[in-house]
K.L.:
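This is the structure I have questions about; it appears just below.
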Amino acid sequence: MKGKGATPMHQNKTDTLDLLREKIRRMEAPQPTSAERLPTGFAAIDTHLDGGLARGGVHEVFSAGRDSVFSSRSAAFVAHVLARTTGPVIWVSEDYPDLSAPGIRQSGLNPGRLLCVTTRKGGLEALCEDVLNERGVCALVADIRTPLTLTQSRRLVLAASRSHVSGFLLCRTAGAQNNPPASASMTRWRIGGSPSTLRTDLPSLSPVAGAERWAVELLRHRGGPGGTWIITPTRHDPTYSFPVAAPLADRATPETAAIPFTHRPGALRA
């Protein structure tokens, strides 16, 4: 007759959650739950959303074009939103969490607030639900490689509504951006690049490209209509560049060849 002790898988899950709870307790206090909106920091979008994204909801963010592989702009958009909050942010994935402190700082988010967690293959949805059930967490950011089913998304939505923890799903799946599956998420976004304006005020022989611009599409909004905006993201640390799905990323230059992290694709990198 077998004993009734915890299975190794269950024990590992329990240990991980206990470790997360301990780290959360040591971090700064979470955002007061009385604030019902998460401002995006972009006035036109916040006006459309009556103040920002609904706190305690689940929001999907897709990237357009080449960036659908790296999700750089999507991750930067989410980091830009979370920079206006306080409390722990749990960033989870089934792969190495390819984030960089300079890239995160550039979006205004303090890297010290991040707790990065990886899980076994097939365990991401369960981990997301566990994190969303944890009071005291500001937000969950999940690097999703396989689209969630409608039932799975409903479970996350219910968990977020109970705890008032906000969830952001970065959807990297190739092809899903054009034909995404059904979801119970509060909002669904698509972030892409937009041509920069030319600057002619500089002492050069020809015009040069101005600041980076994003095309932001609100594809689905349970509280109202969608919308489209062209925005210029704020850069909080101009010392660092923030390449997005660079087509020449595999061609190292003498200056970058000695820096191994430069060539690894990721959601936020410098």
Side-chain angles (χ1 to χ4, degrees), residues 13-14 16-18 20-21 23-25 27-41 45-62 74-75 77-94 109 113-115 117 119 123-144 146-171 176 180-191 218-227:
K13 177 180 176 181
T14 301
T16 299
L17 290 176
D18 288 343
L20 279 175
R21 290 175 183 134
K23 288 184 177 293
I24 290 168
R25 281 194 291 269
M27 298 177 75
E28 58 187 280
Q31 180 84 359
T33 57
S34 58
E36 295 297 327
R37 295 285 172 177
L38 297 174
T40 66
I45 298 178
D46 289 336
T47 298
H48 183 83
L49 296 174
D50 295 325
L53 296 171
R55 182 182 296 277
V58 175
H59 309 278
E60 292 178 296
V61 189
F62 292 83
S74 297
F77 178 78
V78 171
H80 196 274
V81 174
L82 296 179
R84 288 155 180 77
T85 65
T86 60
V89 175
I90 314 299
W91 202 295
V92 303
S93 67
E94 288 183 341
L109 180 60
R113 294 176 53 200
L114 292 183
L115 293 174
V117 183
T119 183
L124 186 59
E125 185 266 333
L127 177 59
C128 289
E129 186 176 357
D130 287 333
V131 172
L132 287 174
N133 274 313
E134 286 294 321
R135 297 183 183 275
V137 173
C138 169
L140 161 81
V141 183
D143 192 344
I144 302 292
T146 302
L148 297 181
T149 66
L150 181 60
T151 298
Q152 288 173 325
S153 68
R154 282 173 176 163
R155 292 177 65 90
L156 298 189
V157 167
L158 289 174
S161 64
R162 287 192 296 263
S163 64
H164 224 54
V165 176
S166 301
F168 294 88
L169 308 181
L170 300 180
C171 306
S183 171
S185 298
M186 178 70 69
T187 62
R188 172 176 281 169
W189 301 80
R190 180 164 56 211
I191 316 294
L218 177 54
L219 303 175
R220 178 175 177 271
H221 181 204
R222 284 171 54 190

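Here, residue 1 is the first one in the sequence, and each next residue gets the next number.
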K.L.:
When rounded to the nearest 0.5 angstrom, what is the spacing between CZ in Phe62 and CG in Leu169?
P.N.:
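Going from CZ on Phe62 over to CG on Leu169, the span is 8.5 Å.
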K.L.:
Which pair of non-hydrogen atoms, one from Gly41 and one from His80, has the smallest distance, and what is that distance?
P.N.:
CA-CE1, 4.1 Å
K.L.:
Is the backbone of Ser185 close enough, under 3.5 Å, to the side chain of Arg220 for a donor and an acceptor to pair up by distance?
P.N.:
yes
K.L.:
Calculate, to the nearest 0.5 Å, the distance between atoms CG and CG belonging to Asp46 and Leu53 respectively.
P.N.:
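Taking CG in Asp46 and CG in Leu53, the distance rounds to 8.0 Å.
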K.L.:
Apply salt bridge (Lys or Arg N to Asp or Glu O under 4.0 Å) to Glu129 and list each qualifying residue two or more places apart in sequence or on a separate chain.
P.N.:
Arg155
K.L.:
With rounding to the nearest 0.5 Å, note down the distance linking CG in Leu140 to CD1 in Ile90.
P.N.:
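Answer rounded to 0.5 Å: 8.0 Å.
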K.L.:
Going by the rule ring pair (Phe, Tyr, Trp, His ring centres under 6.0 Å), which residues pair with His221 if we only count those two or more places apart in sequence or in a different chain?
P.N.:
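For His221 there are no ring pair (Phe, Tyr, Trp, His ring centres under 6.0 Å) partners, ignoring immediate neighbours.
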K.L.:
Could you tell me which residues satisfy side chain to side chain donor-acceptor pair (under 3.5 Å) with Thr119, sequence neighbours excluded, listed by chain and number?
P.N.:
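If we apply the side chain to side chain donor-acceptor pair (under 3.5 Å) test to Thr119, skipping adjacent residues, there are no hits.
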K.L.:
Looking at CG of Asp50 and CD of Glu36, how far apart are the two atoms once the value is rounded to the nearest 0.5 Å?
P.N.:
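Output value for this atom pair is 13.0 Å.
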K.L.:
Can you see which heavy atom on Asn133 is nearest to which on Arg162, and at what distance?
P.N.:
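Smallest heavy-atom distance, with atoms named: OD1-NH2, 3.2 Å.
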K.L.:
Any idea which heavy atoms bring Ala160 and Val58 closest together, and the distance?
P.N.:
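Minimum heavy-atom contact is CB-CG2, 4.0 Å.
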K.L.:
Quick one: does any side-chain atom of Arg113 pair with a main-chain N or O of Cys138 as donor and acceptor, under 3.5 Å?
P.N.:
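Not at all, since once roles are kept as given, no pair shorter than 3.5 Å links the two residues.
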K.L.:
Looking at every heavy atom in both Leu109 and Ala79, which two are closest together, and how far apart are they?
P.N.:
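For Leu109 and Ala79, the tightest heavy-atom pair comes out as CB-O, 3.9 Å.
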K.L.:
Considering all heavy atoms of both residues, which atom of Asp143 and which atom of Ser93 are nearest to each other, and what is their separation?
P.N.:
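Closest heavy-atom pair between Asp143 and Ser93: CB-CB, 3.7 Å.
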K.L.:
Do any N or O atoms from the side chain of Ser166 and from the backbone of Ala139 form a donor-acceptor pair under 3.5 angstrom?
P.N.:
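Pair absent, no side-chain N/O of Ser166 close to backbone of Ala139.
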K.L.:
Under the 3.5 angstrom rule, does the side chain of Ser163 hit a backbone N or O of Arg135 as a donor-acceptor pair?
P.N.:
no
K.L.:
What is the minimum heavy-atom distance between Leu148 and Pro181, and which atoms define it?
P.N.:
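Nearest heavy atoms, Leu148 then Pro181: O-CG, 4.2 Å.
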